[in-house]
2 protein chains.
Amino acid sequence: MAKYEKIADDLRIRIRAGEWLPGGKLPSETPDLTGHYKTSLPTIRQALGVLAAEGVVDKVHGRGNFVRKPRKLVVRTNQRHQWEKDRARLSDTTRRETGATEHDTGLTVSDLVFSADFQKVEANEDLAHVFGVAPGTQLLERIYRTRYQEEDAPFNLSHSYLVYDVVKANPELLDPSTEPWPGGTQNQLFTIGIELDRIDEHLTARPPTAEEAEELGLRAGVSVIVLRKVSIDTGGRVVEVSDVTLPGDRTELVFTTPLNRW
Amino acid sequence: MAKYEKIADDLRIRIRAGEWLPGGKLPSETPDLTGHYKTSLPTIRQALGVLAAEGVVDKVHGRGNFVRKPRKLVVRTNQRHQWEKDRARLSDTTRRETGATEHDTGLTVSDLVFSADFQKVEANEDLAHVFGVAPGTQLLERIYRTRYQEEDAPFNLSHSYLVYDVVKANPELLDPSTEPWPGGTQNQLFTIGIELDRIDEHLTARPPTAEEAEELGLRAGVSVIVLRKVSIDTGGRVVEVSDVTLPGDRTELVFTTPLNRW
DNA sequence: GAGTGGTCTAGACCACTGT
DNA sequence: CAGTGGTCTAGACCACTCC
């Protein structure tokens, strides 16, 4: 086993044993760790790099290396979909009170900052296949970012797609200044006569790309959860596809599957 | 911007542009890349390290650096739960035909290798809280590993917990040699008079720990999906808790949420 | 044995943080 | 300004793969 691996293992064990508390500062790379392990700086840095990639240690330039604290999780349930459907036909004033994200997080509208960008795009192979339309079909792409008032990085980056010719029936849906729309997408669809029958969510996880790390403000040692939400109406037609990128260290997804009784 | 970041960006762009195909070999670190970018070996290696952490490049000792190929996904749906429940009361011979994993993957029993280890453990704070029992209560811990016949690394590592005093009603359930049990856990529970009402699944994603990377055979640049499945019976009691670790590059989870009609 | 990546050294110099 | 981490060099030597 390489020297840097031995050092990484030793530090990991000492961290798990509580020698330094979460948020606590490790000894300095030079001269403390190089002295303690009797090795050169690059070897110490390689060991710390392993721990940073695992999400055990946070490296902070100019300050030191710290034991990472667990993040507070934002929980997102699949019951939000039925909840949103139940509200889709309620009055405007009732719908204004809360949205689905606030429902999940327990936060109020004022804690959250929200931005929306809309544009017309042509369906690529992938989206065309999911919607069951021809590639090149006009889609409305809506990009949403949600973040806490106090934090600078968003915790949710979402690309939503709708078939342009379907949504243009209500011109308000083409205007980003109407966002955040009270009642969410299901109410928007209701205004053009669409009722959802079910929602399929496809999930994978992977390390962030360079762009995602930048945009979501992710440190080393954090994964992203990639969620594709496909909304299907009562006629069996795919009416919305939404690709959501969530930071793995701040997000817990909960899915409840009810079972038929014997 | 640092030199190694510029090199990483340049290589990423060239890879995305298709200069080297998936599975293709990049130029050698020495002398090709050091010569091309006119820099020292450690700098080149740092740039390649970034791409390896993103899962873009596979480093293979003694052979070279390769553009990573996308992995074939194993799909796991939440419809498997109802499917398994429907089969729980069928005859032994029918149940023997296939299990839930084969149902999801489309593979047959002979393609998969399966191992099970059982032991009695005491509930820690966490598990005691989920089961709603006192910490220290006796639990049956069952550890399962599933892998392809041809691959050496499992694609699924699962720790399942049951309350010992509940399952001991059927001594066969305490014996690992009865695994894989035809009909799965829901049939096992049926033999002791338990019917499930719903299943809650909690999901997060993070980089693998050193142990998980070892056990699941994960390369750099792969995340794990951590799934806690909680099974609740018709009396509202938690009867099974299962912690499943899945490799992010080989797993897609699909959850379908049906909605009530207006 | 040739080719290629992995580890490690010793040290210079830059950049960021907080006093 | 002192303390600390980040980048980079030039080169030695080891370990793995494949012919």
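Chain A is the first sequence line, chain B the second, and so forth, proteins listed ahead of strands; every chain is numbered from 1.
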Q) A:F114: what forms a ring pair (Phe, Tyr, Trp, His ring centres under 6.0 Å) with it, not counting sequence neighbours? A) A:Y144
Q: With a 4.0 Å heavy-atom cut-off, tell me which residues in residues 51-65 of chain B come close to DNA chain D, sorted by residue number.
A: B:H61, B:G62, B:R63
(Q) Going 5' to 3' along DNA chain D, which are the first and last nucleotides with any atom under 4.0 Å from a heavy atom of chain A? (A) D:dG3 to D:dT7
(Q) Salt bridge or not between A:D9 and A:R12? Use side-chain N to carboxylate O under 4.0 Å. (A) yes
**Q.** Results of side chain to side chain contact (heavy atoms under 4.5 Å, CB included) for A:S115 - residues two or more places apart only
**A.** A:R145
Q: Not counting sequence neighbours, which residues clear ring pair (Phe, Tyr, Trp, His ring centres under 6.0 Å) with A:F255? List them please.
A: B:F255
**Q.** Partners meeting salt bridge (charged side-chain N to carboxylate O under 4.0 Å, His left out) with B:E211 (sequence neighbours left out)
**A.** A:R16
Q) Between A:E201 and A:R76, is there a side-chain N and carboxylate O pair less than 4.0 Å apart? A) yes
Q) For B:V222, what residues pass the side chain to side chain contact (heavy atoms under 4.5 Å, CB included) criterion, not counting sequence neighbours? A) B:R68, B:L218, B:D249
Q. According to a 3.5 Å limit on both distances, what stems of 3 or more consecutive Watson-Crick or G-U pairs are formed with DNA chain D?
A. C:1-18 with D:1-18
Q: Can you sort out which residues in residues 20-36 of chain A have a heavy atom within less than 4.0 Å of DNA chain C? Ascending by number, please.
A: none
**Q.** Residues forming a side chain to side chain contact (heavy atoms under 4.5 Å, CB included) with A:V121, sequence neighbours excluded
**A.** A:Q119, A:L139, A:E141, A:Y161
**Q.** A:E240 and A:R142 ion-paired at < 4.0 Å
**A.** yes
Q: Could I get the full list of salt bridge (charged side-chain N to carboxylate O under 4.0 Å, His left out) partners for A:R45, not counting sequence neighbours?
A: A:E29
Q: Could you tell me whether B:D10 and B:K6 make a salt bridge, using a distance below 4.0 angstrom between a side-chain N and a carboxylate O?
A: no
Q) Considering residues at least two apart in sequence or located in another chain, which fulfil the salt bridge (charged side-chain N to carboxylate O under 4.0 Å, His left out) criterion with A:R219? A) A:D58
